[in-house]
Amino acid sequence: MKQHHFLIISLPAQGHINPTLQLTKNLARAGVRCTFATTVYGFHKMNNLPTIDGLIYASFSDRYDDNMPKTNFGDYLQELKRVGSENIKKLVQQFSDDGHPVTFFVYTMLCPWVAEVARECNAPSAFLAIQCATAFAIYHHLFTINDNGVYSSNTEINPSFPMELPELPLFSRDDIPTFLLHGDPSSSFMIPVMREHIQNLEHDPNPRVLINSFDALEEKSMTILEKIGICSIGPLIPSAFCDGKDVEDKSFGCDLFAKTEDYWEWLDSKAEGSVVYVSFGSLAVLKEEQKEEVLQGLLESERPFLWVIRSSNEDGENKKENDELNGKGMIVSWCSQMEFSDQVTNIKMVAEVWGTGVRARAEEGIVKREELKSCLEILMGDGERGKEIRSNVKNYRGLAMDAVKVGGEVYRSTMFEQLVAFKLWLDKVKKEAKGDMFAEQLKFGSNVVIDQDKAESSKTH
């Protein structure tokens with residue numbers, strides 16, 4: 001009987017590690033041998049690693065084992081491809097020598113070269129798209145060779161707007177990730193990387209894409225992508241907030257930053273659904289003017305708030321700021337949270353398609369306090385629009401929970417088939433190992449999060 005071994009590879013960034021590690025945990029709980037791998041430096045930064053039978057950790061060198069590279073990120077990605085490819089091959093050989101050959105590769109954004117390594121190792125692979133399906137549909141639209149996407153070659157022509165995708169609202173240049181626009185500082189390396197991602201999949205006779213979303217949320221976007229072997233497997237969030245199968249699974253199990261724990265007591269002292277939760281993720285750095293506008297907007301809203309701010313002198317700065325808030329809100333350097341990196345596309349869908357939030361509009365690059373205050377009043381006030389938004393949030397949360405229950409969309413076909421949508425590859429596996437228990441035992445949850453008991457998320461984009 002064939003013993004499956006998944007090698008799941010992630011960049012050492014919080015927004016990449018969170019869903020990737022959750023996928024690894026889900027597979028390991030299902031009885032599958034899984035190895036989670038990231039760079040040596042990234043692995044050393046990871047705290048509170050979960051321990052699950054069948055879950056193994058590994059690291060590979062990117063030549064920067066002691067600290068993050070000081071070179072620009074585009075040069076780093078090239079170095080990662082060159083050095084990382086060779087070291088992943090060595091890692092795979094080591095597993096084979098130890099009697100646990102890798103039978104499947106999973107890789108995340110910015111690591112398209114892993115698909116090439118998998119082919120050299122004669123193993124199938126899947127791209128784990130950690131962003132929403134709509135963002136991936138935009139990437140496919142721009143980079144596809146088959147439909148002559150505007151970025152399918154090395155030209156420097158900008159896409160035309162509004163951008164049209166079947167059965168979705170029109171997208172303006174403000175609705176797509178900024179790195180897709182020539183002139184953005186990241187475009188010089190992000191456009192080639194995303195082109196490599198999409199065209200790797202198009203050259204693969206059996207492409208496989210796993211999306212951290214669920215069908216009821218993004219059915220139209222999923223339909224656009226059917227021809228490249230897409231499958232929704234989200235939400236990749238801890239079980240306690242999703243299917244409830246493991247009530248102890250309340251965090252992803254890895255933080256690259258030290259968490260502040262003292263916010264729990266403060267949060268528990270507030271009424272349910274009354275706290276505004278504000279976070280811009282682990283990478284974004286706000287201008288001082290924007291920070292001041294957000295702070296004043298929150299204070300003028302007269303609603304309690306929890307704000308996660310990354311700064312160079314976190315403890316000292318946050319303590320001073322909290323002392324000045326007089327209990328009206330709380331600022332912390334890090335806390336348990338879910339992250340998204342495709343924010344402008346998310347907010348397009350949140351505001352115009354799902355109806356689960358509002359979009360705060362910027363003036364000359366700054367969201368003013370009056371705009372933030374107005375948005376909060378809509379979201380959390382007693383008006384009809386706010387009631388409708390909160391109702392939609394609860395509805396989508398229910399749909400997400402339904403999707404991961406036994407009998408939900410994840411379980412409508414064999415567990416293996418629904419997990420990876422590898423219909424052709426599954427047929428091959430079944431022929432090689434008929435009755436393989438793996439195909440029967442693989443159980444794992446799907447789909448999205450919106451509400452937490454006491455924190456309502458405010459996104460200003």
Asks: With distance as the sole test, does Trp307 use its side chain to make a donor-acceptor pair with the main-chain N or O of Ser279 at under 3.5 Å?
Replies: no
Asks: Ignoring hydrogens and geometry, is there a side-chain-to-backbone donor-acceptor pair from Glu371 to Arg361 under 3.5 Å?
Replies: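 A pair under 3.5 Å: yes.
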Asks: For the pair Trp113 and Phe60, name the ring-plane relationship: parallel under 30°, tilted 30 to 60°, perpendicular over 60°.
Replies: perpendicular
Asks: Work out which heavy atom in Val358 is nearest to a heavy atom in Ile347; give both atom names and the distance.
Replies: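 Shortest heavy-atom contact: O-CD1, 3.5 Å.
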Asks: Do the ring planes of Tyr107 and His197 sit parallel (below 30°), tilted (30 to 60°) or perpendicular (above 60°)?
Replies: parallel
Asks: Would Lys81 and Glu196 count as a salt bridge (charged side-chain N to carboxylate O under 4.0 Å, His left out) if you check the C-alpha gap in whole Å, the side-chain angles of each, and the deciding distance to 0.1 Å?
Replies: CA-CA 12 Å; Lys81 179 177 181 178; Glu196 187 177 357; 3.1 Å; yes
Asks: Write out all pairs satisfying salt bridge (charged side-chain N to carboxylate O under 4.0 Å, His left out) with one or both partners inside residues 171-193, taking only residues at least two apart or from two chains.
Replies: Asp175-Lys348, Asp175-Arg359
Asks: Taking Asn206's backbone N and O only, do any of them form a donor-acceptor pair with Arg208's side chain (distance below 3.5 Å, no angle check)?
Replies: yes
Asks: In this structure, which one of Asn212, Thr345, Ile228, Ile224 forms a side-chain contact (heavy atoms from CB on, under 4.5 Å) with Phe136?
Replies: Ile228
Asks: For Val92 and Cys121, work out which heavy atoms get closest and say how close.
Replies: CG1-SG, 4.1 Å
Asks: Are His5 and Phe95 an aromatic pair, judged by ring center distance below 6.0 Å?
Replies: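 Centroid separation for Phe95 and His5: below 6.0 Å.
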Asks: In sequence, state the C-alpha distance, the side-chain angles, and the governing distance for Asp147 and Lys227, and then conclude on salt bridge (charged side-chain N to carboxylate O under 4.0 Å, His left out).
Replies: CA-CA 12 Å; Asp147 296 324; Lys227 57 187 173 184; 3.0 Å; yes
Asks: Check whether any side-chain N or O of Glu218 sits under 3.5 Å from a backbone N or O of Ala133 as a donor-acceptor pair, and report yes or no.
Replies: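 Yes.
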